[in-house]
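Written out below as structure tokens is the structure these notes cover.
No experiment lies behind these values; they were computed from the predicted model shown.
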Amino acid sequence: MSVSGKKILIAVSGGIAAYKIHFLIRDFIKKGAEVQVIMTPDAENFVTKLSLSTLSKKPVYSDFYGDNGTWNSHVELALWADVIVVAPCTANTLAKMTHGMCDNLVIATYMSAKCPVFIVPAMDLDMYQHPSTKQNLEMAEDFGHFIIPAESGELASGLVGQGRMAEPETIAKAIENFFNSNENKSLEGKTVLITAGPTYEAIDPVRFIGNHSSGKMGFSLAEEASKRGAKVILVSGPSSQTIHSENVDLHKVTSAKEMLDKVFEFYENVDIAIASAAVADYAPKEVAKEKIKKNDENLTIELVKNPDILKTMGENKKHQFLVGFALETQNEEENAKGKLIKKNLDMIVLNSLRDSGAGFKNDTNKIKIFTKTEKTEFNLKPKGDVAKDILDFVETQLLK
């Protein structure tokens, strides 16, 4: 199944990228979807109702009232849709969505919706990087919405950077993958254990040793495994990420030792284990009971090695299919292959901080997957799509 027979509501806001929507509508219609378009009043400065209506084969609405005084019901529009795609989503429309500022038909329809919502941001470089935009995108994700990140390239302002609306084929693929994944129960009956996020190793009551891991990759894996029918156990270090699936059992921990203990509460009975957490290698030998005061010019903290969770999982592996991660900055492939053998893994996922858009905090990732006999490379993708690639690869290995 793709989008055939699906009802797709496209909400267009006032950005220069609105011209791309014509290609998206045509693609959906060709694939058998039913498309309804609504617009913000500002969007009419960039595209016409006539062109969008011609392609969608439906009237296009931008106001609560039609030309003859009829009521365009935002409630009926919202209930009709199987999915809403807000594209382009300007900074203004995004802010209204996340803060409930309901002053047009698009926002009223969005606030009445019970279906999944995809947000496709498009704005200038500095606007996209502004803290308020980042916060609003995080809030939208917390609401359970799906973000199709802006791409990098030349912008209408003449600047070059991230802010371009994703291409129509990228948007279409994300929607198709969404519907396909909801039908794909390939991991039904399987139990999947996933570790995610950083660990924090306390120095004193207010300070810690940690890293920049956001947990996005692990949480994306958990969501995707759940969509495929698996029972998912997610063990996460400190992370602001949220989980939206009822089939994910989330356990929050702080330190490496706590993560080790929690992992081995479940490890014996899982079918697949994916260790995507960025576990601190060392921890302070002693944790100060009170906040360390700034007295001397230098401060020495003795560190001791943390337990190697992944190696311990490899040593205790019986029937489990074990997946590790390697984030490297030099000799990437050599180090990843060494880790694969040394820790008794079935496969390892490599990402390099040398690749732009990969690694900690980013919404995207670029990976290579290694087994003892294979190497497979993937392009830079949103982490949700990377999760699909990883689990597709796992399923292929399980069938061998």
Side-chain angles (χ1 to χ4, degrees), residues 3 6-31 33-67 72-78 80-98 101-113 115-124 127-128 133 136-137 140 145-151 155-156 163-175 178:
V3 296
K6 298 299 183 182
K7 297 174 180 177
I8 301 175
L9 180 63
I10 298 179
V12 183
S13 63
I16 189 67
Y19 77 92
K20 296 182 180 180
I21 295 305
H22 299 85
F23 302 98
L24 182 63
I25 295 170
R26 185 169 62 181
D27 186 53
F28 282 148
I29 294 293
K30 283 176 64 177
K31 292 174 179 174
E34 193 175 350
V35 179
Q36 174 68 61
V37 180
I38 57 176
M39 307 166 66
T40 66
D42 282 343
E44 293 189 68
N45 294 318
F46 298 92
V47 288
T48 68
K49 288 183 179 179
L50 178 60
S51 62
L52 297 175
S53 176
T54 301
L55 289 169
S56 66
K57 301 177 175 58
K58 289 181 181 291
V60 174
Y61 306 117
S62 62
D63 200 354
F64 292 102
Y65 301 96
D67 294 335
N72 298 325
S73 173
H74 59 279
V75 175
E76 289 181 8
L77 287 165
W80 171 85
D82 291 319
V83 65
I84 293 177
V85 183
V86 187
C89 184
T90 61
N92 183 46
T93 292
L94 175 64
K96 290 179 178 180
M97 292 171 68
T98 54
M101 298 170 64
C102 186
D103 64 352
N104 61 48
L105 179 66
V106 164
I107 303 302
T109 304
Y110 156 73
M111 293 185 70
S112 303
C115 63
V117 176
F118 284 78
I119 295 172
V120 192
M123 61 198 74
D124 207 76
M127 296 173 69
Y128 192 72
T133 302
N136 286 337
L137 287 171
H145 303 333
F146 300 91
I147 310 298
I148 302 178
E151 298 176 355
L155 305 172
R164 287 170 59 97
M165 188 178 85
E167 293 300 317
E169 55 266 32
T170 301
I171 301 170
K173 185 65 175 177
I175 305 302
F178 169 77

Report yes if the side chains of [X] and [Y] come closer than 4.5 Å at any heavy-atom pair, otherwise no.
X: Val106; Y: Lys96; result: no
X: Gln36; Y: Ile8; result: no
X: Thr109; Y: Tyr61; result: no
X: Pro88; Y: Ile21; result: yes
X: Ser53; Y: Val37; result: no
X: Lys6; Y: Ile175; result: no

So with a 6.0 Å cut-off around [atom1] of [X], is the heavy-atom count from everything else above 12?
X: Phe23; atom1: CZ; value: no
X: Glu76; atom1: CD; value: no
X: Tyr65; atom1: OH; value: no

*asked:* Applying side chain to side chain contact (heavy atoms under 4.5 Å, CB included) to Glu169 and Asp27, what does each step give before you reach the verdict?
replied: CA-CA 8 Å; Glu169 55 266 32; Asp27 186 53; over 6 Å; no

*Please list, chain by chain and in numerical order, all residues satisfying salt bridge (Lys or Arg N to Asp or Glu O under 4.0 Å) with Lys49, sequence neighbours excluded.*
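Salt bridge (Lys or Arg N to Asp or Glu O under 4.0 Å) list for Lys49, sorted by chain: empty.
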
Straight-line distance of [X] [atom1] to [Y] [atom2], nearest 0.5 Å:
X: Ile119; Y: Met97; atom1: CD1; atom2: CE; result: 3.5 Å
X: Ser56; Y: Leu24; atom1: OG; atom2: CG; result: 11.5 Å
X: Asn92; Y: Thr40; atom1: CG; atom2: OG1; result: 8.0 Å
X: Leu55; Y: Lys57; atom1: CG; atom2: NZ; result: 7.5 Å
X: Glu34; Y: Lys58; atom1: CD; atom2: NZ; result: 4.0 Å
X: Tyr110; Y: Ile84; atom1: OH; atom2: CD1; result: 9.0 Å

*asked:* Tell me if a side-chain donor or acceptor on Ser13 pairs with a main-chain N or O of Thr90 at a distance below 3.5 Å.
replied: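 Yes, the answer is positive, given that a donor and an acceptor are paired below the 3.5 Å cut-off.
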
*Short question: side chain of Ser112, backbone of His74 - any donor-acceptor pair under 3.5 Å?*
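Answer holds: no.
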
Shortest non-hydrogen separation from [X] to [Y] and the atoms involved:
X: Ala174; Y: Ile148; value: CB-CD1, 3.7 Å
X: Thr93; Y: Cys89; value: CG2-SG, 4.2 Å
X: Met123; Y: Ala91; value: CE-N, 3.6 Å
X: Asp63; Y: Leu105; value: O-CD2, 3.5 Å
X: Ile107; Y: Cys102; value: CG2-CA, 3.6 Å
X: Val12; Y: Ala43; value: O-CB, 3.5 Å

*Geometric class of the Phe118/Phe146 ring pair [parallel <30°, tilted 30-60°, perpendicular >60°]*: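 Parallel.
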
*List in chain and number order the residues that pass side-chain contact (heavy atoms from CB on, under 4.5 Å) with Lys20, two or more places apart in sequence or in another chain; answer none if no residue qualifies.*
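Arg164, Met165, Glu167, Pro168.
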
_Test item: side-chain donor near acceptor, Thr98 and Asn136, under 3.5 Å_ =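 Result is yes, a qualifying pair exists.
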
